[in-house]
**Student:** 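Questions regarding the structure given below will be posed in turn.
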Amino acid sequence: MDSSFDIISTEEVKDIRAALEEGDLCTATERASKYLKDIENAPLNIAITGESGTGKSTFVNAIRGMNDEEEGSAKTGVVEMTEKPTPYVHLQYPNVTVWDLPGIGTPSFAADSYLQSVDFSRYDFFIIISSERFKKNDIDLAKAIQAMNKKFYFVRSKVDSDLHACKVRRTKTFNEGNILNEMRNNCIQSLRDGGITEPHVFLLSFLELDKFDFHIMQDTLEKELPEQKRHIFLISLPNISLPVLEKKRQAFKKDIWLWALLSGGVAAVPIPGLSVALDIGILVKAMKTYMNAFGLDEKSLKKLADTFGKDVNELKSVIKSPIVTKEINKELIITILKSAVIGGLMLVEYVVSTIPVIGSLAAGNISFRSTHWMLSGFLEEIAEDAVRVLTKALESPV
Ligand SMILES: Nc1nc2c(ncn2[C@@H]2O[C@H](COP(=O)(O)OP(=O)(O)OP(=O)(O)O)[C@@H](O)[C@H]2O)c(=O)[nH]1
Ligand SMILES: [Mg+2]
């Protein structure tokens, strides 16, 4: 099924469509505005737990796109047992919090009282990390989480070290795929033996988060999260791999028509010199949202360059969109719209064929189409730039 169908089928979006079909643009706009706010501000609380030294704090940093030395990062590599869950707020998306929970390694560990003490109800899901076999405490905890009707996933960390050790020890027969399968099967078996019937186990290295089972984990979490939390989960992911960039592009593409509806809706004002009426502030907001999510701002580019040991100017050199390097403001948007008209890109002819849900009211509206055209073009431009930048960052040094 086309992925754009998923979101279109949500109740909220059905309501927006219904209002449009009744010709009630005001209600449709109000609902679209609420929907866009809701999906961007949906709270997401992720609990990270496991025994001491398994890499919990390293994961907390990596999943927020941070290294271990940055201000605001979780302390790693030191034995520092915290008694309380420590919240780490996502730097760009403050409604996303990753919680570093106290270790579960003590012999007197009791899963129920642990869950009470960490206030289990606040988390959307738990990630239980182990850097070796999953043990009794991990299993007891998973069962207690299940009893509370919450979700949990197992992550086997430090896969890079294991592979390295195998490579050193088995020079002739080394086969990465086989070793990973063996590790995965062992983990699953030990969890099944412990009474967890269908465990989700992901093999990861927190030092190279984009490798191994990262994409399977990301797909699984995305599918299992409630619909209203999926968007924020996806866009808050670090831009570390091409599939992540593609997911973000798709997530935004699905919602362009809503932004277009808002911009061409009740708050639209005529733009001098153009035959359209738009709320340009909405366009500025949408475009800034995309820029942030794809990490093409100066700060994010610098961080990416540092992570991959590249020069930031080398990464910038592959950026093609002239808009990326400019400040996104109302003047810029008017310039783009005007140049499109002058340049012969006839907005009138732009057919919004990607949005079958929209009634003729909006699809036939020139302002709606201009906005849709502009946002689609901008999204494609910056998504492609993000791909070029990351590809450059991933290039091995010559
Ligand atoms: N090779 C490798 N080392 C890792 C990985 N994850 C974490 N480490 C290292 O393991 C050590 C412990 O990591 P932490 O993130 O501090 O572990 P923790 O679970 O938070 O430890 P406590 O807070 O003491 O319970 C650090 O030296 C990390 O750099 C990994 O995936 N691969
Ligand atoms: Mg820690």
Side-chain angles (χ1 to χ4, degrees), residues 45-90 97-111 114-115 117-118 123 125-142 145 152-169 174 176 179-180 182-184 186-187 200-218 237-238 240-241 244 306-309:
N45 288 281
I46 306 173
I48 311 299
T49 182
E51 292 198 352
S52 180
T54 51
K56 296 185 294 298
S57 306
T58 311
F59 182 72
V60 166
N61 293 335
I63 197 70
R64 291 183 308 147
M66 298 177 81
N67 63 43
D68 295 350
E69 292 169 329
E70 261 176 272
E71 204 183 319
S73 62
K75 294 257 176 311
T76 59
V78 283
V79 182
E80 191 190 72
M81 301 295 282
T82 46
E83 305 263 303
K84 281 202 217 130
T86 313
Y88 290 96
V89 174
H90 196 289
T97 306
V98 188
W99 296 79
D100 202 350
L101 299 194
I104 60 170
T106 56
S108 60
F109 173 76
Y114 176 85
L115 282 182
S117 74
V118 299
Y123 310 110
F125 58 88
F126 290 76
I127 291 185
I128 305 173
I129 303 180
S130 175
S131 51
E132 33 187 283
R133 246 172 355 94
F134 289 94
K135 304 202 191 93
K136 185 173 180 303
N137 285 351
D138 303 306
I139 293 168
D140 287 352
L141 181 61
I145 296 171
F152 56 89
Y153 304 90
F154 293 100
V155 164
R156 166 64 160 83
S157 64
K158 306 194 188 182
V159 167
D160 56 311
S161 316
D162 291 83
L163 281 176
H164 178 72
C166 289
K167 209 171 193 169
V168 172
R169 301 287 304 161
F174 179 78
E176 184 172 304
I179 293 166
L180 291 174
E182 213 175 280
M183 280 168 76
R184 201 178 288 110
N186 275 342
C187 287
H200 285 294
V201 179
F202 308 110
L203 307 184
L204 294 181
S205 162
F206 302 155
L207 309 188
E208 302 164 288
L209 191 63
D210 58 308
K211 298 224 165 77
F212 310 111
D213 290 347
F214 181 69
H215 295 291
I216 309 174
M217 175 167 97
Q218 175 222 296
L237 286 173
I240 48 171
S241 73
V244 166
D306 289 348
T307 306
F308 290 97

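Along the sequence shown, residues carry numbers from 1. When a ligand or atom number is given, it counts from 1 through the structure's own listing order.
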**Student:** Ser161 heavy atoms, cut-off 4.0 Å: which ligand 1 atoms fall inside?
**Tutor:**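 That gives atoms 1 (N), 2 (C) of ligand 1.
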**Student:** Under 4.0 Å, heavy atoms only, figure out whether ligand 1 is touched by the backbone of Asp160, its side chain, both or neither.
**Tutor:**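 For Asp160, only side-chain atoms sit under 4.0 Å from ligand 1.
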**Student:** Run Asp68 and Lys75 through salt bridge (charged side-chain N to carboxylate O under 4.0 Å, His left out) and show every step you take.
**Tutor:** CA-CA 7 Å; Asp68 295 350; Lys75 294 257 176 311; over 6 Å; no
**Student:** Determine whether a donor-acceptor pair (N or O, by modelled atom type, separation under 3.5 Å) exists between the side chain of Thr97 and the backbone of Pro87.
**Tutor:**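 Checking the backbone N and O of Pro87 against the side chain of Thr97, no donor-acceptor pair under 3.5 Å is found.
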**Student:** Looking only at non-hydrogen atoms, which of Glu51, Lys158, Lys56 approaches atom 10 (O) of ligand 1 most closely?
**Tutor:**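 Looking at heavy atoms only, the winner is Lys158.
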**Student:** Please list, in number order, the atoms of ligand 1 under 4.0 Å from a heavy atom of Ser52.
**Tutor:**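 Once the distances to Ser52 are compared, the set is 22 (P), 24 (O), 25 (O).
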**Student:** Are Trp99 and Tyr123, when compared by the centres of their aromatic rings, separated by less than 6.0 Å?
**Tutor:**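 Centroid separation for Trp99 and Tyr123: below 6.0 Å.
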**Student:** Indicate, with yes or no, if the rings of Tyr114 and Phe109 have centres closer together than 6.0 Å.
**Tutor:**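 Judged by ring-centre distance (under 6.0 Å), Tyr114 and Phe109 do meet the cut-off.
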**Student:** Is there a heavy atom in Gly53 that sits closer than 4.0 Å to ligand 1?
**Tutor:**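 Yes.
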**Student:** Report yes if some N/O of Asp68 lies less than 3.5 Å from some N/O of ligand 1; otherwise report no.
**Tutor:**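 Between Asp68 and ligand 1, no N or O pair is found under 3.5 Å apart.
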**Student:** Does Asp160 reach the main-chain N or O of Ser205 with its side chain, forming a donor-acceptor pair under 3.5 Å?
**Tutor:**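 Pair absent, no side-chain N/O of Asp160 close to backbone of Ser205.
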**Student:** Before signing off on this row, confirm whether Thr58 and ligand 1 have an N or O atom pair separated by under 3.5 Å.
**Tutor:**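 Right, the criterion is met.
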**Student:** Which is closest to atom 2 (C) of ligand 1 by heavy-atom distance: Thr86, Leu207, Leu163?
**Tutor:**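 Nearest option to atom 2 (C) of ligand 1, by heavy atoms: Leu207.
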**Student:** Find all atoms of ligand 1 within a distance of less than 4.0 Å from any non-hydrogen atom belonging to Phe206, and give their numbers and elements.
**Tutor:**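 By the 4.0 Å cutoff, the relevant atoms are 6 (N), 30 (C), 31 (O).
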**Student:** Using the ring of each side chain (for Trp, its six-membered ring), is Phe206 parallel, tilted or perpendicular to Phe59, with breaks at 30° and 60°?
**Tutor:**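 Rings of Phe206 and Phe59: tilted, as their planes differ by 30° to 60°.
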**Student:** My understanding is that only residues two or more places apart in sequence, or in another chain, count here; which of them pass side-chain hydrogen bond (donor to acceptor under 3.5 Å, both in side chains) with Thr58?
**Tutor:**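 If we apply the side-chain hydrogen bond (donor to acceptor under 3.5 Å, both in side chains) test to Thr58, skipping adjacent residues, there are no hits.
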**Student:** Would you check if the Mg ion (ligand 2) lies under 2.8 Å from any N, O or S atom of Ser52?
**Tutor:**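 No, since none of the N, O or S atoms of Ser52 sits under 2.8 Å from the Mg ion (ligand 2).
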**Student:** If I apply the N/O under 3.5 Å rule, does Gly77 come out as touching ligand 1?
**Tutor:**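 It does: an N or O of Gly77 is found under 3.5 Å from an N or O of ligand 1.
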**Student:** Could you list which atoms of ligand 1 come closer than 4.0 Å to a heavy atom of Ser205?
**Tutor:**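 Answer, ordered by atom number: 31 (O).
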**Student:** Are Phe154 and Phe152 an aromatic pair, judged by ring center distance below 6.0 Å?
**Tutor:**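 When the ring centroids of Phe152 and Phe154 are compared, they turn out to be within the sub-6.0 Å range.
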